[in-house]
Amino acid sequence: MNVLPIKLPDVGEGVTEAELVEWHVEVGQTVLEDDVIAAVMTDKATVEIPSLYEGKVVERNGEVGDLLAIGTALVRIETAADGVEDKPDPKPEQAAKPIPASTEKPSPSETTGARDRGAELEPPASPPGAARPPRAEGAPVLASPAVRARARQAGIDLRRVPGSGPAGRIKNDDLDAFIAQGPVPASSPARGKRQGVEEIKVVGMRRKIAERMALANDRIPHITVVEEADVSALEDLRAKMNEGRGDKPKLTVLPLISAALCRALVDHPQMNAHYDDDAGIVHRHAPVHIGIATMTDAGLTVPVLRHAEALGPFSAAAEIARLSQAARDGAAKRDELTGSTITITSLGPLGAIATTPIINHPEVAILGVNKMEIRPHWDGNGFVPRKKMNLSASFDHRVIDGWDAAVFVQKMKTLLETPALIFVEG
């Protein structure tokens, strides 16, 4: 028998290290060739690492949240495969140390992002459908894209499904067991004093989001302009276009807002830019690559609608739907998550009256779309109901003056209130 390593491969793009975000195997577990052993994250792309051999895992290196250098041995497998028995590699100098909140050895439940100080260590796996402690609020759900697709088709919230795989990963058997047991009545909240402090390790996507938000807040002086827009005519247009769409995707308001944004940028190209503050250079972009902020189980991602200026409303709707679904399934490619020149963020029907969106560094502007609602409008003779929503746009005040920001938001307001102008050239 040989003991051979599975090393962190070179994932390209000049990446020298990656963050370990999920283990799929335990020491002592038997794996087959091509079984996934771990998942790592580079920038905002998650990569699954398969086993190269069939055999038993005898060593596992690193904890969730560790930064590992390319070439680090993730696991060692005892196998009958041909090869020279491997000797332990020296620890790479670039491999970052774990950043534990305490000196205790993390439990397997920590891979879901949470640990209760008073909780006992869980076994790595349990029978399908076996009772497990509920996930902490906001903890990620570990499941493959295939399991997620089955859950969506069945109308099942995966946060309610107990997972029997390593670190609580939900498998097909778990989903089958949950479906077989039928509806589960909601339990009444227990009364009484609660004790303990929950520690949530910031890893994976959550860490990337934290780093980018800190960078944007630290380096960009924001100015936010909020304006109300009457979108009744826009909604009438959208309804009319959907009536005759045929086999085209259903049109939401977002593709029309994207079209209005592209039209506004013709007159305000300074908003479609990156600011290299180290070099003191503003890069104005001719193509409009719109970042579409999308909430996923792993956190906020920003897939990119490329060359939005060349897309019609239905083409944009199809591409936005495809990108958003790929981001939620964790299947978005690296080039689909990078390169935006301006960003749109929307909380949909859950949105507030107004927000203060944070700019996606190194961009210089972001458009926040707030919830649409019926509001009274004075038409000169009386109050009439109209569909309205607020626009919240933030700008990098180092390169965008307050006057220019206000004029740009007024341009967006005019286009949304008179949507025929979106499609008029000149």
Side-chain angles (χ1 to χ4, degrees), residues 11-13 21 39 41-48 140-141 143-153 158 204-206 208-209 212-213 238 241-242 245 247-265 271-272 274 285-351 357-363 365-369 422:
V11 294
E13 300 292 336
V21 294
M41 176 179 290
T42 62
D43 197 3
K44 284 191 175 182
T46 300
V47 180
E48 292 185 332
V141 177
S144 68
V147 172
R148 294 182 189 276
R150 284 192 58 205
R152 279 195 303 274
Q153 293 172 359
L158 281 178
M205 185 69 72
R206 190 76 261 162
K208 294 293 183 184
I209 293 171
R212 292 191 66 83
M213 291 300 100
R238 186 172 72 88
M241 294 176 73
N242 276 329
R245 76 179 191 274
D247 58 354
K248 298 175 183 177
K250 185 176 181 180
L251 197 62
T252 66
V253 71
L254 193 54
L256 293 175
I257 293 175
S258 300
L261 179 60
C262 291
R263 183 65 189 82
L265 291 174
M271 307 301 175
N272 190 48
H274 288 174
H285 294 267
V288 181
H289 301 320
I290 301 178
I292 306 294
T294 304
M295 193 61 197
T296 72
D297 290 337
L300 185 71
T301 62
V302 187
V304 181
L305 180 67
R306 295 192 177 278
H307 289 288
E309 79 281 2
L311 298 176
F314 288 107
S315 298
E319 183 65 359
I320 289 172
R322 184 191 71 81
L323 289 168
S324 298
Q325 194 57 58
R328 293 188 185 101
D329 290 341
K333 300 176 182 177
R334 182 182 179 85
D335 61 355
E336 294 174 331
L337 296 170
T338 57
S340 59
T341 56
I342 191 169
T343 296
I344 295 177
T345 179
S346 170
L347 293 177
L350 296 178
I358 297 176
I359 296 169
N360 187 15
H361 184 274
E363 296 167 22
I366 182 171
L367 177 66
V369 180
I422 298 174

Worksheet item: Backbone N or O of Asn360 within a donor-acceptor pair of the Arg212 side chain at under 3.5 Å?
Response: no

Worksheet item: Side chains of Val288 and Leu261: closer than 4.5 Å at any heavy-atom pair?
Response: no

Worksheet item: Under 4.5 Å between any side-chain heavy atoms of Ser258 and Ile320, yes or no?
Response: yes

Worksheet entry | Separation of Glu319 CD from Arg322 CZ (nearest 0.5 Å) | 4.0 Å

Practice prompt. Check whether any side-chain heavy atom of Leu323 sits under 4.5 Å from a side-chain heavy atom of Ile292, and report yes or no.
Written response: no

Fill in: Minimal non-hydrogen separation, Arg263 against Ile422, with atom names
CD-O, 3.8 Å

Practice prompt. Indicate the atoms forming the closest heavy-atom contact of Met241 with Phe314, along with that distance.
Written response: O-CZ, 3.6 Å

Worksheet entry | Expected output: side-chain Asn272 to main-chain Pro287 donor-acceptor under 3.5 Å | yes

Item to complete: Over all heavy atoms of both residues, which pair between Leu251 and Asn242 is shortest? Give the atoms and the distance, please.
Response: N-OD1, 2.7 Å

Worksheet entry | Taking every non-hydrogen atom, the tightest pair across Leu305 and Leu311 | CD1-CD1, 3.7 Å

Worksheet item: So, for Pro249 and Ala317, which heavy atoms are closest and what is the spacing to 0.1 Å?
Response: CG-CB, 4.3 Å

Worksheet entry | Side-chain heavy-atom pair Leu367, Ile342 within 4.5 angstrom cut-off | no

Worksheet item: Taking C-beta and beyond as the side chain, do Gln325 and Arg152 meet within less than 4.5 Å on heavy atoms?
Response: yes

Practice prompt. Would you confirm whether His274, through its side chain, and Glu363, through its main-chain N or O, come within 3.5 Å as a donor-acceptor pair?
Written response: no

Worksheet entry | Met213 CE to His361 NE2 distance, which is reported to the nearest 0.5 Å | 11.0 Å

Worksheet item: Which pair of heavy atoms, one from Val302 and one from Gly291, lies closest together, and at what distance?
Response: CG1-CA, 3.5 Å

Worksheet item: Are any of the side-chain heavy atoms of Ile290 and Cys262 separated by less than 4.5 Å?
Response: yes

Discussion item. Given 3.5 Å as the limit, does a donor-acceptor pair link the side chain of Thr296 with the main chain of Thr294, or not?
Written reply: no

Worksheet item: Does some side-chain heavy atom of Val369 sit less than 4.5 Å from a side-chain heavy atom of Val253?
Response: no

Fill in: Donor-acceptor under 3.5 Å (Thr341 side chain, His289 main chain)
yes

